[in-house]
Amino acid sequence: MSDTCTQWGEFPVIVDIPARPRALVALAHGAGLGMDSPFMGEMASALAAAGLQVVRFEFPYMARRRRGEGKPPPNRMPVLLETWSAMIAAAREQTALPIYVAGKSMGGRAASEWLAVHSDSAVAGGIAYGYPFHPPAKPDSLRTAHLSGLQKPLLILQGTRDPFGKPQEVTGYDLGAHTNVMWLDSGDHDYKPLKKSGRTQLQLIAEAASASATFVQTTSR
């Protein structure tokens with residue numbers, strides 16, 4: 001099993017395909033690094049090992065950075081949502097598998113916002129790897145308003161040390177009936193645990209991938 005660089009519609013993508021995929025996970029990157037970052041690569045490999053096909057893609061600002069057009073900031077949410085719509089359309093041309101929108105940090109937030117807007121779509125659900133509930137040290141600047149109204153299932157996989165939202169904060173949020181948060185013990189925003197935990201980042205990524213596969217199995221029927 002290996003990743004392949006190819007083109008889906010307007011998107012250069014990286015695709016990881018297991019022998020018998022049960023669903024397609026479209027995986028968006030976070031604000032700072034693109035689809036080929038170490039975290040994205042490890043997560044895609046772990047998801048594929050768990051039986052999920054993964055397609056990684058980039059938002060317009062990151063594609064511009066890759067072309068050497070300076071370092072533009074992340075696109076505003078309307079552009080991120082438009083990109084998600086185009087990605088889903090491209091994915092439907094490639095597969096008949098159930099489709100899930102997923103992402104690291106900002107990519108996961110944008111995936112959940114897309115689900116909130118497109119509740120009537122055929123997309124089965126969403127997965128967020130390290131959800132940015134609020135900026136670090138700004139717990140009052142919440143990014144959760146849309147979650148309470150979600151009509152599609154959303155799984156958030158969050159490290160217990162994530163400065164973008166820790167357990168004692170998140171338990172008080174109104175996330176609605178369709179959002180479930182699973183905690184990865186000792187993990188930070190990139191799932192890196194404390195050394196004294198005796199665990200590794202790869203173990204937490206594998207745990208997140210296993211939980212993702214279980215989530216897909218129970219929501220794609």
Side-chain angles (χ1 to χ4, degrees), residues 25 27-47 56 58-59 61-62 65 71-77 79-81 84 100-116 126-148 150 153-176 178-212 215:
V25 175
L27 184 61
H29 56 82
L33 298 173
M35 63 183 176
D36 57 354
S37 73
F39 181 93
M40 291 286 285
E42 295 292 354
M43 181 56 70
S45 294
L47 289 169
R56 288 176 268 164
E58 291 182 335
F59 295 114
Y61 80 96
M62 190 61 69
R65 291 186 188 182
K71 194 174 181 180
N75 303 112
R76 300 282 188 176
M77 188 58 67
V79 175
L80 301 182
L81 298 184
W84 262 118
Y100 287 77
V101 292
K104 168 78 171 82
S105 193
M106 181 198 74
R109 177 192 174 192
S112 69
E113 296 246 13
W114 190 90
L115 280 180
I127 309 170
Y129 300 105
Y131 189 89
F133 288 99
H134 57 73
K138 295 182 179 180
D140 295 329
S141 299
L142 291 180
R143 299 153 170 169
T144 59
H146 65 289
L147 296 178
S148 62
L150 277 182
L154 174 70
L155 174 64
I156 296 174
L157 292 144
Q158 196 85 352
T160 56
R161 297 190 302 115
D162 193 329
F164 289 82
K166 295 181 180 179
Q168 62 268 31
E169 300 166 340
V170 176
T171 52
Y173 299 158
D174 178 11
L175 303 181
H178 295 281
T179 299
N180 182 51
V181 182
M182 175 179 168
W183 295 98
L184 303 175
D185 188 47
S186 190
D188 66 7
H189 195 55
D190 294 320
Y191 298 169
K192 293 178 181 177
L194 294 170
K195 286 186 177 181
K196 67 180 181 181
S197 73
R199 311 184 75 195
T200 67
Q201 183 188 33
L202 287 180
Q203 287 175 326
L204 293 190
I205 287 174
E207 187 176 324
S210 177
S212 299
F215 172 72

With a 4.5 Å limit on heavy-atom distance, are the side chains of His134 and Tyr173 in contact?
yes

Taking the side chain as C-beta and beyond, is there a heavy-atom pair between Val25 and Ser212 under 4.5 Å?
no

At their closest point, which heavy atom of Lys166 faces which heavy atom of Asp162, and how far apart are they?
CG-O, 3.1 Å

Rounded to the nearest 0.5 Å, what's the gap from CG on Leu204 to CG on Asp185? Could you check?
8.0 Å

Ignoring hydrogens, what is the shortest heavy-atom contact between Met106 and Pro132? Give both atom names and the distance.
N-CG, 4.2 Å

Quick one: does any side-chain atom of Asn75 pair with a main-chain N or O of Leu80 as donor and acceptor, under 3.5 Å?
no

Is a donor from one side chain sitting under 3.5 angstrom from an acceptor on the other, for Tyr131 and Thr144?
no

For Leu155 versus Ala211, what's the shortest heavy-atom pair and its separation?
CD2-O, 3.8 Å

Nearest-0.5 Å distance that lies between atom CD1 in Ile127 and atom CD1 in Ile156:
11.5 Å

Any Lys/Arg nitrogen of Arg199 or Glu207 sitting under 4.0 Å from an Asp/Glu carboxylate oxygen of the other?
yes

d(Ile205 CD1, Ser45 OG) to nearest 0.5 Å is 9.5 Å

Please assess Lys192 against Gln201 for the test side chain to side chain contact (heavy atoms under 4.5 Å, CB included), listing each intermediate value before the final yes or no.
CA-CA 5 Å; Lys192 293 178 181 177; Gln201 183 188 33; 3.6 Å; yes

Could you report the tightest heavy-atom contact between Ala128 and Leu154, atom names first, then the distance?
N-CD1, 4.4 Å

Between NZ of Lys195 and OG1 of Thr200, what distance do you get to the nearest 0.5 Å?
12.5 Å

Interatomic distance, OG@Ser37 vs CD@Glu42, rounded to 0.5 Å, equals 9.5 Å

Looking at Arg109 and Ser112, what are the two nearest heavy atoms and their distance?
O-OG, 2.7 Å

Under 4.5 Å between any side-chain heavy atoms of Leu33 and Met40, yes or no?
no

Check the orientation of Tyr129 and Tyr191. Use parallel for under 30°, tilted for 30 to 60°, and perpendicular for over 60°.
perpendicular

Between Glu113 and Trp84, is the side chain to side chain contact (heavy atoms under 4.5 Å, CB included) condition met? List the steps.
CA-CA 10 Å; Glu113 296 246 13; Trp84 262 118; over 6 Å; no

Distance, nearest 0.5 Å, that separates CG of Asp190 from CZ of Arg161
10.5 Å

Using a strict threshold of under 4.0 Å (side-chain N to carboxylate O), is an ion pair present between Asp36 and Arg56?
no

Can you tell if the side chain of Pro167 reaches within under 4.5 Å of the side chain of Gln158, non-hydrogen atoms only?
no

Check for a donor-acceptor pair, side chain of Asp174 on one end and backbone N or O of Gly176 on the other, with a separation under 3.5 Å.
yes

Taking all heavy atoms of Arg65 and all of Ala31, pick out the closest pair and write down the distance.
NH1-O, 4.1 Å

Flag the pair Pro153 / Phe215 as yes when at least one side-chain heavy-atom distance between them is below 4.5 Å, and no otherwise.
yes

Test side chain to side chain contact (heavy atoms under 4.5 Å, CB included) applied to Lys104 and His189, step by step
CA-CA 9 Å; Lys104 168 78 171 82; His189 195 55; 3.5 Å; yes

